[in-house]
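Taking it in order: structure first as structure tokens, then the write-up.
Just so we're on the same page: letters track the sequence lines, and every chain starts at 1.
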4 protein chains.
Amino acid sequence: MERPSNGSSSTSDSDASSSSSSDSASASPSPAPEAEPADAREEIMDATYHVLCEEGYAGLTMRAIAAEAGTSKSLIHYHFDTKEELLLTFLERFLDRLDEWLVEIESETDDPEARLLAFVDRFVVQPADADRQAFWRAVLELRLQAAHQEGFREQLKANNDAIRSALASIIADGIEDGTFREVDPETTADLVLDALEGARTRQATLGPEEAPLTAREAVREHVLDDLVREE
Amino acid sequence: MERPSNGSSSTSDSDASSSSSSDSASASPSPAPEAEPADAREEIMDATYHVLCEEGYAGLTMRAIAAEAGTSKSLIHYHFDTKEELLLTFLERFLDRLDEWLVEIESETDDPEARLLAFVDRFVVQPADADRQAFWRAVLELRLQAAHQEGFREQLKANNDAIRSALASIIADGIEDGTFREVDPETTADLVLDALEGARTRQATLGPEEAPLTAREAVREHVLDDLVREE
Amino acid sequence: MERPSNGSSSTSDSDASSSSSSDSASASPSPAPEAEPADAREEIMDATYHVLCEEGYAGLTMRAIAAEAGTSKSLIHYHFDTKEELLLTFLERFLDRLDEWLVEIESETDDPEARLLAFVDRFVVQPADADRQAFWRAVLELRLQAAHQEGFREQLKANNDAIRSALASIIADGIEDGTFREVDPETTADLVLDALEGARTRQATLGPEEAPLTAREAVREHVLDDLVREE
Amino acid sequence: MERPSNGSSSTSDSDASSSSSSDSASASPSPAPEAEPADAREEIMDATYHVLCEEGYAGLTMRAIAAEAGTSKSLIHYHFDTKEELLLTFLERFLDRLDEWLVEIESETDDPEARLLAFVDRFVVQPADADRQAFWRAVLELRLQAAHQEGFREQLKANNDAIRSALASIIADGIEDGTFREVDPETTADLVLDALEGARTRQATLGPEEAPLTAREAVREHVLDDLVREE
DNA sequence: GATGAATGAGCTTTCATTCAT
DNA sequence: TATGAATGAAAGCTCATTCAT
């Protein structure tokens with residue numbers, strides 16, 4: 001076989017300390033935060049990430065990626081048969097990071113209220129963090145494109161379901177232990193997720209303003225407070 | 001299909017001068033519902049709308065627009081110097097329609113609760129309405145692009161502010177007349193708008209499912225019920 | 001409509017005198033012997049012909065054709081959507097020329113024997129005529145490619161049938177008027193055509209040598225003499 | 001299918017050393033009928049043959065050959081510096097097989113008439129034998145390309161001369177022993193060879209039809225019958 | 001106003017080839 | 001021998017745009 005297979009790297013990511021930046025834990029779900037060249041595929045993913053942030057989806061050409069990665073277009077095609085395959089792989093990795101987030105949140109605290117807020121904080125971008133903003137916008141563009149492709153929608157859907165379930169069970173846990181009043185966990189989860197997505201979109205289209213912060217406040221005020229109120 | 005592609009809508013359109021005709025109430029915010037060609041610019045806007053719905057943003061080429069409009073690319077360039085200008089104009093018109101909606105909502109009822117729900121209904125797309133879904137997705141792509149362009153962001157922001165103000169004042173009215181409990185109208189408005197935007201995004205990326213409907217329910221349950229509750 | 005339709009030029013080709021070269025009558029069936037630019041499509045056909053002769057099928061790239069025609073690749077794609085369409089059009093014209101040849105031969109003489117020889121002379125290339133040799137080789141390559149394309153084979157077949165019928169009826173005429181002895185006209189026609197094709201192939205692969213001339217002699221000796229012999 | 005793609009032909013191949021095994025008599029002139037890999041070059045030749053048959057000349061890429069051979073492109077380049085060299089080597093082998101055929105024919109019978117027919121049968125492809133048809137077409141494309149290369153023409157010419165001589169001396173033998181009437185053996189040989197080549201070309205461009213069979217009949221009727229007739 | 005013709009930049013992709021191991 | 005990784009050149013094609021009429 002001449003071209004490397006798609007095998008998922010089995011190396012653990014727990015030794016994040018080797019990453020030179022301490023923020024990697026709660027940082028952006030960029031698929032490639034490694035510093036050293038590691039392997040070519042990784043470098044290409046890296047470059048894809050950077051181009052996506054800096055030029056947007058429209059500027060995400062093979063040429064730009066190759067230039068950013070410091071290689072040739074041909075090499076990219078050597079590792080990823082088509083651009084589509086490249087983008088799908090990229091998106092896959094991104095979604096995988098999101099999954100990892102869910103685990104992290106659950107391992108941080110047991111308090112449902114704290115968990116819910118932690119959840120919100122993860123999916124909201126600080127106004128100052130221009131990079132991560134650009135990334136979320138780019139990923140949104142990417143998802144919009146990917147949605148056209150039959151077969152990738154399922155992946156998006158599966159990922160969305162995973163996130164939703166995670167949030168819903170946080171809420172369900174809160175209900176069970178009496179912290180929250182009785183609501184439909186899934187409906188509430190949808191509301192929160194939609195609000196966060198909407199806030200990010202607002203930020204992507206209107207600028208870095210405080211959009212997601214107000215979203216956080218709104219969720220706290222209207223959802224959290226509502227959940228914990230005495231009926 | 002929402003708008004006959006060949007003009008000649010069966011209902012009388014002779015009173016086209018009064019652009020705020022009541023039939024537009026539940027219609028899509030398409031920028032070009034006129035029946036007779038009016039002028040060329042209008043026809044081009046029309047074609048843009050159709051191509052956007054049918055082919056998505058990626059398929060929105062000058063060639064496609066010209067073909068749909070039944071004219072030549074040259075003529076489009078005669079009316080709009082660049083593609084950018086064309087799209088910006090198109091987006092402008094779209095935003096203007098949204099403004100008109102706001103007026104309509106306010107003239108329909110005085111009850112704050114009803115107004116708020118009417119608001120939500122406008123900005124939510126029925127699962128069955130494939131055309132309008134495609135349109136919202138396309139407009140989202142469009143806004144994402146436009147956001148790159150310094151100077152257009154202000155317009156998007158102004159429009160967003162207008163919508164937000166409208167919703168906020170509906171809420172403020174409700175507070176004033178005692179229907180709603182005391183909350184910050186703007187924060188609440190943001191939450192609602194974000195939730196709707198997020199729901200539409202979910203729909204655009206995951207499929208026509210019931211996304212926006214659950215959003216509606218969630219808003220009703222968590223926001224409205226919360227607003228009207230006895231403290 | 002933006003792109004010119006495929007309409008066959010209705011202008012007569014009988015005024016070949018305006019062509020500056022007198023050999024155009026029995027010359028190569030090149031699809032574009034016109035001197036003045038005429039129309040762009042024609043110029044492209046012209047360039048295709050020249051590139052094909054000079055570089056062979058392998059060198060027949062859009063770039064080369066554009067360079068030869070002194071235009072841009074884009075323009076070629078403006079007139080012919082794909083390279084395939086271009087080549088097919090080119091081949092079509094070539095086949096049309098062959099058809100015209102058949103008519104010409106029939107109008108030149110009534111004598112079956114002379115006709116048969118005229119026929120052979122048309123489809124044989126003089127060793128000195130390097131251009132026409134290159135062309136026949138190129139056309140052979142072209143036909144080999146076109147044969148892969150379902151739907152074009154029919155055209156090749158139709159053309160082959162036309163030529164075969166023409167030759168067969170020359171022979172049949174000869175039989176009828178007693179010039180030739182009784183043979184199956186179609187079998188004989190096939191033999192002659194195959195021999196000519198084979199000779200051209202020999203020339204194309206082995207060099208300009210006298211291949212087709214010996215073929216002519218062989219046909220005369222083994223076919224013609226055989227046909228006119230007293231049984 | 002003519003040659004098992006996975007080696008292990010059911011008949012014993014142990015005497016592979018005597019490459020002129022009699023089973024090759026009616027086989028295709030494929031340059032690589034050996035069963036066990038022998039050496040790498042052989043396997044590459046083998047793969048070339050298969051790709052050529054299945055994909056045609058246009059699909060004969062180094063990648064395809066490597067894939068078919070189950071090795072890497074690099075290895076092919078190790079054995080053959082350039083693609084050109086590879087193809088030329090391949091063509092050489094093919095021509096060598098043709099030479100072997102000539103010997104075989106001569107050893108089969110002494111009767112000039114039978115020999116001539118055997119000759120024709122070898123160089124004609126049965127309509128049902130799709131594989132060998134594809135191969136002949138591919139070889140024709142190959143020869144057309146090779147002809148461009150100064151220095152290889154000589155090889156083609158030498159081979160052609162060998163075949164022609166063989167056929168001519170069959171005819172000459174026939175004349176000598178009184179079976180055939182007095183003709184110029186070389187001219188007659190050319191006619192027969194051209195007719196066969198032409199028929200194969202017709203088959204390659206127009207389809208598997210009965211082209212070569214009619215060619216056989218025509219040769220028998222117009223050449224053989226003519227040769228043996230009483231003057 | 002309106003058109004067809006023409007262009008140049010750039011796109012994704014493929015190919016034969018090379019090089020370090 | 002044998003390979004995977006990498007490359008530069010070139011391929012066909014699309015796009016927004018311009019220009020003469």
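A sub-4.0 Å separation between OP1 or OP2 of F/dT14 and a side-chain N or O of B/R63 is absent. For the pair C/Y78 and E/dA6, the criterion of a side-chain N or O lying under 4.0 Å from OP1 or OP2 is not met.
Rounded to a whole Å, the CE atom of D/M62 is 16 Å from the C1' atom of F/dG4. Between the CD1 atom of D/I44 and the C1' atom of F/dT1 there is a distance of 11 Å, given to the nearest Å. Per the geometry, CD1 belonging to C/I65 stands 17 Å off P belonging to F/dA10, to the nearest Å. Summarising the geometry, the separation between CD1 on B/I76 and C1' on E/dG1 is reported as 14 Å, rounded to the nearest angstrom.
With a cut-off of 3.5 Å on both pairing distances, the Watson-Crick and G-U wobble pairs of DNA chain E assemble into stems of 3 or more at E:2-21 with F:2-21.
Comparing B/G70 and D/F80, the nucleotide of DNA chain E nearest to each residue sits closer to the 5' end for B/G70. Residues A/S72 and C/A64 both approach DNA chain F. Their nearest nucleotides, taken by heavy-atom distance, put A/S72 toward the 5′ side. Toward the 5′ end of DNA chain E lies the nearest nucleotide of C/T71, the other residue of the pair C/T71 and A/E84 mapping further downstream.
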Report each atom pair, protein N/O against N/O of nucleotides 18-21 of chain E, whose distance is under 3.5 angstrom.
none

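A distance of 9.0 Å separates CG of D/L142 from CG of D/L156, quoted to the nearest 0.5 Å. To the nearest 0.5 Å, atoms CG (D/L60) and CD (D/E54) are separated by 11.5 Å. Interatomic distance, CG of A/L87 versus CD of A/Q145, reported as 9.0 Å (0.5 Å rounding). One finds the CD atom of B/E141 at 9.0 Å from the OH atom of A/Y57 (value rounded to the nearest 0.5 Å). In this structure, B/T48 OG1 and B/F90 CZ are separated by 6.0 Å, a value rounded to the nearest 0.5 Å. Taking CG of B/L95 as the reference point, atom CD of B/Q155 lies at 6.0 Å (rounded to 0.5 Å).
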Please tabulate, one pair per line, all N/O donor-acceptor pairs under 3.5 Å involving side-chain atoms of residues 65-73 of chain A, not counting sequence neighbours.
unit_1, atom_1, unit_2, atom_2, d
A/S72, OG, A/L75, N, 3.3

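Near-neighbour residues of DNA chain F inside residues 52-61 of chain A, defined by a heavy atom below 4.0 Å, are absent. For residues 137-147 of chain D, proximity to DNA chain E is found at no residue, defined as any non-hydrogen atom under 4.0 angstrom from a strand atom.
Of all nucleotides listed (F/dG4, E/dG1, F/dT17), F/dT17 comes nearest to the side chain of B/K83. Considering only the side chain of A/L75, F/dT7 comes nearest among E/dA16, E/dA5, F/dT7.
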Between D/L86 and D/M62, does a side chain to side chain contact (heavy atoms under 4.5 Å, CB included) hold up when you go through it step by step?
-> CA-CA 10 Å; D/L86 164 66; D/M62 297 300 271; 4.0 Å; yes

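Between C/R137 and C/L140 the shortest side-chain heavy-atom distance does not fall below 4.5 Å. Side-chain contact between D/K83 and D/I76 is absent, with no heavy-atom pair separated by less than 4.5 Å.
Considering only residues two or more places apart in sequence or on other chains, C/E55 meets the side-chain hydrogen bond (donor to acceptor under 3.5 Å, both in side chains) condition with none of them.
Formation of a donor-acceptor pair under 3.5 Å by the C/R153 side chain with backbone atoms of C/A147 is found in this model. A donor-acceptor distance shorter than 3.5 angstrom exists from the side chain of C/R41 to the backbone of C/H79, with no hydrogens or angles considered.
Aromatic ring centres of C/F94 and C/F135: separated by under 6.0 Å.
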